J.: 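First the structure, then my questions, so here it is.
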Number of protein chains: 2
Amino acid sequence: MFSKSCEYGLRAAIFIAQQSKLKNKVSLSTISEEINSPQAFTAKILQQLTRNNIIKSIKGPYGGFMVEEEKMSTQLSEIVNVLDGDSIFTGCGLGLKQCDASAPCPLHFEFVEIRERLKKMLENTTLISITDELNIESTILKP
Amino acid sequence: MFSKSCEYGLRAAIFIAQQSKLKNKVSLSTISEEINSPQAFTAKILQQLTRNNIIKSIKGPYGGFMVEEEKMSTQLSEIVNVLDGDSIFTGCGLGLKQCDASAPCPLHFEFVEIRERLKKMLENTTLISITDELNIESTILKP
DNA sequence: TTTAAAAAGGATAAAAAGGTCTTTTAATCT
DNA sequence: AGATTAAAAGACCTTTTTATCCTTTTTAAA
Ligand code: FES
Ligand code: FES
């Protein structure tokens with residue numbers, strides 16, 4: 001469904017958001033331990049999220065990564081878009097060059113509904129909405 | 001969503017099924033033209049579908065590929081399973097080692113619904129159901 | 001101001017996916 | 001039987017994804 005980059009990126013962003021809610025900055029090594037991802041690769045992904053202004057990084061001792069208050073409303077769809085592009089939201093299920101109801105593939109009408117539901121779900125889920133729920137239900141970020 | 005192999009494989013299988021309904025065998029070159037896929041690569045994919053007994057191949061002059069009558073009820077989910085494995089049907093959206101309601105990731109409950117809907121759709125769609133519809137609606141397999 | 005912690009950036013490497021080419025095998029026609 | 005046609009099989013190549021390593025830059029604290 002999503003690339004490895006995207007999976008790690010989502011898990012990382014959620015973990016950082018959790019900690020930011022508790023006013024903690026977190027270092028790369030902590031993040032990759034807590035979400036069980038390869039450290040150096042995770043660093044690259046965090047750079048992308050930083051460049052795209054989804055998380056904030058602070059260099060130097062006592063530095064780390066955090067999600068700023070106003071970025072806590074970031075939709076997961078934005079993160080997916082940064083890391084995997086938008087083909088999951090707009091592409092044809094059978095790989096036709098463009099998904100178009102006027103020239104539909106055999107799966108089009110059913111596929112679009114599922115794709116839209118996925119899109120809506122990722123748009124309606126934000127870093128803040130997840131970290132709020134995390135306090136209630138017990139969900140996890142590593143295997 | 002699906003790999004290129006899977007996209008080509010689904011398009012090819014649907015095209016072959018269409019033609020089999022008209023009692024036509026189709027050659028590799030025809031298939032790759034009609035579904036707009038790279039020929040040599042498509043050959044590899046058709047071999048997989050043949051080995052997995054989803055389509056039938058006939059060598060020699062007047063040979064080609066076809067879907068046998070009893071295989072027209074093949075579910076698209078079987079083709080996806082052969083070409084991409086079952087991770088799309090069972091894997092965790094955030095890439096946790098296993099998707100498990102007792103240790104759910106933050107997306108689990110919503111993700112499972114979408115994943116199940118995709119699975120049901122691909123199980124309910126068969127080569128025969130698609131080729132029946134193809135006569136009614138005008139759906140396409142390329143570009 | 002020196003030190004050390006931490007991210008950024010660049011180079012590289014391994015693995016997987018995507019794709020091509022050549023030889024072999026099987027079927028049909030003459 | 002021999003020539004021809006078409007897929008099967010396996011070797012090979014290219015690109016993308018996934019991943020590591022190492023150096024540089026930044027910066028807080030002693
Ligand atoms: S054309 Fe294939 S999903 Fe829309
Ligand atoms: S645990 Fe992540 S989708 Fe089920």
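Since we're looking at a predicted model, the values are computed, not measured. Residue numbering restarts at 1 for every chain, and letters A, B, ... go by the order of the sequence lines. Atom set for the values below is all heavy atoms of this structure, side chains included, hydrogens, waters and symmetry mates excluded.
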J.: Side chain of A:A40 only, please: which of C:dT20, D:dC21, C:dA7 is the nearest?
T.: D:dC21

J.: Assigning hydrophobic clusters by single linkage (Ile, Leu, Val, Met, Phe, Trp, Tyr; side-chain heavy-atom cutoff under 4.5 Å), is A:L122 placed with B:V112?
T.: no

J.: Taking the nucleotide of DNA chain C with the nearest heavy atom to each, does A:K59 or B:S5 sit closer to the 5' end?
T.: A:K59

J.: Return the 5'-most residue of the pair A:T42, B:G63 with respect to DNA chain D, ranking by each residue's nearest nucleotide.
T.: B:G63

J.: Heavy-atom nearest nucleotide on DNA chain D for A:I58 versus A:Q39: which residue maps closer to 5'?
T.: A:Q39

J.: Record whether the side chain of B:K44 comes under 3.5 Å of the base of C:dT20 through a donor-acceptor pair of N or O atoms.
T.: yes

J.: Using a cut-off of 4.0 Å on non-hydrogen atoms, how would the nucleic acid contact of B:S29 be classed: base, sugar-phosphate, or nothing?
T.: nothing

J.: B:F41 has a side chain; which of C:dA6, C:dC29, C:dT20 sits nearest to it?
T.: C:dT20

J.: Rounded to the nearest angstrom, tell me the gap between atom CG in A:L49 and atom C1' in C:dA7.
T.: 14 Å

J.: What is the distance, rounded to the nearest whole Å, between atom CD1 of B:I31 and atom P of D:dA8?
T.: 10 Å

J.: Give a yes-or-no answer on whether the side chains of B:S37 and B:T42 include a donor-acceptor pair shorter than 3.5 Å.
T.: yes

J.: Which nucleotide in the set D:dA7, C:dA8, D:dT4 lies at the smallest distance from any side-chain heavy atom of B:P61?
T.: D:dT4

J.: Does CD belonging to A:E70 count more than 12 external heavy atoms closer than 6.0 Å?
T.: yes

J.: Within the structure, does a side-chain N or O atom of A:R51 lie under 4.0 Å from either OP1 or OP2 of C:dA8?
T.: no

J.: Could you check how far CD1 of A:I45 sits from P of C:dA7, rounded to whole Å?
T.: 15 Å

J.: Can a donor-acceptor pair be found, under 3.5 Å and without considering hydrogens, that links the side chain of B:T131 to the backbone of B:Q18?
T.: no

J.: Roughly how many Å is it from CG in B:N36 to C1' in C:dG19, rounded to a whole number?
T.: 15 Å

J.: Go through C:dG19, D:dT18, C:dG9 for me and flag the one nearest to the B:K4 side chain.
T.: C:dG19

J.: With side chains defined as the heavy atoms from C-beta onward, is the minimum distance between B:M1 and A:M1 less than 4.5 Å?
T.: yes

J.: Can you tell me how far P of D:dA28 sits from OH of A:Y62, to the nearest Å?
T.: 12 Å

J.: Would you kindly give the CD1-to-C1' distance between B:I16 and D:dA7, to the nearest whole Å?
T.: 12 Å

J.: With respect to the phosphate group of D:dA6, does any side-chain polar atom (N or O) of B:S57 fall under 4.0 Å of OP1 or OP2?
T.: no

J.: Just how far, in rounded Å, is P of C:dA8 from CG of A:N52?
T.: 13 Å

J.: Measure from the side chain of A:S3, starting at C-beta and using heavy atoms only, and say which of C:dA7, D:dA7, D:dT18 lies closest.
T.: D:dT18

J.: Ignoring hydrogens and geometry beyond distance, is the side chain of B:Q47 in donor-acceptor contact with the base of D:dA9 at under 3.5 Å?
T.: yes

J.: Any chance NZ of A:K56 has more than 12 other-residue heavy atoms, nucleotides or ligands included, within less than 6.0 Å?
T.: no

J.: Between D:dA6, C:dG19, D:dA9, which nucleotide has the shortest distance from any of its atoms to the side chain of B:Y8?
T.: C:dG19

J.: Report the distance from atom CD1 of B:I35 to atom P of C:dG19, rounded to the nearest whole Å.
T.: 12 Å

